[in-house]
Number of protein chains: 2
Amino acid sequence: MRLLIVEDTADVAEAASASLGRAGFACDVAPTLADARACAGLTDYGVVILDLNLPDGSGRDFLRERRRAGDRTPVLVLTAQSAVEDRVGALDEGADDYLVKPFDLRELEARVRALTRREAGRAENRVTLAGLDFDPAAQSLRVNGATVSATRRELALLNLLVANRGRIMPKDRLFDGLFGFENADVGDNAVELYVARLRKKLSGSGVAIETHRGLGYRLEVAGDG
Amino acid sequence: MRLLIVEDTADVAEAASASLGRAGFACDVAPTLADARACAGLTDYGVVILDLNLPDGSGRDFLRERRRAGDRTPVLVLTAQSAVEDRVGALDEGADDYLVKPFDLRELEARVRALTRREAGRAENRVTLAGLDFDPAAQSLRVNGATVSATRRELALLNLLVANRGRIMPKDRLFDGLFGFENADVGDNAVELYVARLRKKLSGSGVAIETHRGLGYRLEVAGDG
DNA sequence: GCGGCGATGACAGCTTGGTGACAGCTTCGC
DNA sequence: GCGAAGCTGTCACCAAGCTGTCATCGCCGC
């Protein structure tokens, strides 16, 4: 899952990016409205984290633009304690949640997760498919009851595949979800590599990553057509 | 389905062509207005993707010409962020949709799909005919409930036949849709080959590809006249 | 019955994906 | 700080399967 962090204060953006990155999200940072627009034009995000107070205008303008353009990506607004008015206004304009600065990184992570969860239409975080038991929040993965350790990227990939199970996911889309812009120079077969590693860990779970040559990958649950 | 991409920036054209190619469209690229005119004269396209800013003139001229000539092929216009006037003008002149550069390839794909869908008069992407269940977006094909894997070309062919079901599709039209100009050296019976392969996969579905000697092929749904 | 179009099985080339080994980097414990 | 462990991504080589050609056979229409 890929996030856009629209925030001009470098250390806040960095901290959020690092924390969410550890949580398995690929983060792009946009320090200005202009950057945010450029990013939004280039790819789809799972969640946008939007500071309202930006050097070249208000984040509310950006939010309004996106909603007018029919974009329903969940937006989490960051505001100063005092800016009650802005906060309410942003919610009216289609923001999904807000967080008052300064905030705790763990709370940010929890809220982002809640938004992605809501998006996926799942009431719970935890996903159980055949012998696979996956909790993205706890980053925990169990195969046939046994805990399996997986790396950040592996979990991110699993997340993408689980969210789109039954559908063929083109490789470039998985690539987009796994790596942000800053990792754009990663080789072509990085996705294949992680698919291979994930497959090993999922083997025997009844859940398989099918290859569809020239099309992409699909998560298939045994006995689920 | 065959697309014409009128775009002079080589890497943009290439990326779009690759992405849409993966999505099952055969793409021809025209870097100039002159090329675009030549292509339009040679074959019919399902959608034209038209950059307005071209080395030998404005894409708007091309659009106007085509519309005057009675050509109603859906046109998706590409414009720069700033060129609001051009965008509005193009819509007035009969463009069906526009996309601001830089754009996300997935958004392009989605819009192209929307245009082809609109053309076919279908509200939904997913098609269910007798025992056949086909979702071009997910590249998923089910026959009598069972998932059947198909290759890119097979899916492209099915797409063409489904979009024109009940109508006889001349072989050269299918050929055009399956292969762009760059594959013009492909043998004559390539279409027959893919028809045969697709037939095998569709057998028992209640949907059949009829041969009409000297005329072409038609997708027929059992008990559906 | 003949001519020609279409069907189909076999095959080879080539693109695409799989995988093991390895090196750099980060992270974490001490 | 230092060192170790493990995560990451690259490379090279191998395997798989998609693709399109060819040849042969069947079949339809005339």
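Just so we're on the same page: letters track the sequence lines, and every chain starts at 1. From a predicted model like this one, the values you see are computed outputs, not experimental measurements. All values below come from the heavy atoms of this structure, side chains included, with hydrogens, waters and symmetry mates left out.
- Within 6.0 Å of the CZ atom in B:R199, the count of heavy atoms belonging to other residues, nucleotides or ligands exceeds 12.
- Residues A:R218 and B:T147 have side chains in contact (heavy-atom distance under 4.5 Å, counting atoms from C-beta outward).
- Nucleic acid contact for B:D188: none, since no nucleic acid atom lies under 4.0 Å from a heavy atom of the residue.
- When DNA chain D is scanned 5' to 3' for any atom under 4.0 Å from a heavy atom of chain A, the first and last hits are D:dC7 to D:dC18.
- Here the straight-line distance linking atom CG of B:D51 with atom CG of B:L33 works out to 10.0 Å at 0.5 Å rounding.
- For residues 209-217 of chain A, proximity to DNA chain C is found at A:T211, A:R213, A:G214, A:Y217, defined as any non-hydrogen atom under 4.0 angstrom from a strand atom.
- A donor-acceptor pair under 3.5 Å is formed between the side chain of A:N144 and the backbone N or O of A:G204.
- Side-chain atoms of A:F134 and A:L129, non-hydrogen and from C-beta on, never get closer than 4.5 Å to each other.
- Residues satisfying the salt bridge (charged side-chain N to carboxylate O under 4.0 Å, His left out) criterion with A:D133, sequence neighbours excluded, are A:R126.
- Closest approach of A:L4 to A:C39, counting heavy atoms only: CD1-CB, 3.8 Å.
- Across its full length, the helix from C:dG1-D:dC30 to C:dC30-D:dG1 shows an angle of 40° between the axes of its 5 terminal pairs at either end, rounded to 10 degrees.
- A side chain to side chain contact (heavy atoms under 4.5 Å, CB included) with B:M169 holds for exactly one of B:N164, B:I209, B:L157; it is B:N164.
- Checked against salt bridge (charged side-chain N to carboxylate O under 4.0 Å, His left out), A:R213 has no partners two or more places apart in sequence or in another chain.
- No side-chain donor-acceptor contact under 3.5 Å links B:D135 and B:S140.
- Side-chain polar atoms of B:R142 and B:T128 form no donor-acceptor pair below 3.5 angstrom.
- Using a 4.0 Å cut-off between charged side-chain N and carboxylate O, A:K171 and A:E192 make a salt bridge.
- Between chain B and DNA chain C, the heavy-atom contact criterion of under 4.0 Å yields a 5' to 3' nucleotide range of C:dG4 to C:dG9.
- A pairwise comparison of heavy atoms in A:D8 and A:P31 identifies CB-O, 3.2 Å as the closest pair.
- A:R22 comes within 4.0 angstrom of nothing in the nucleic acid, heavy atoms only.
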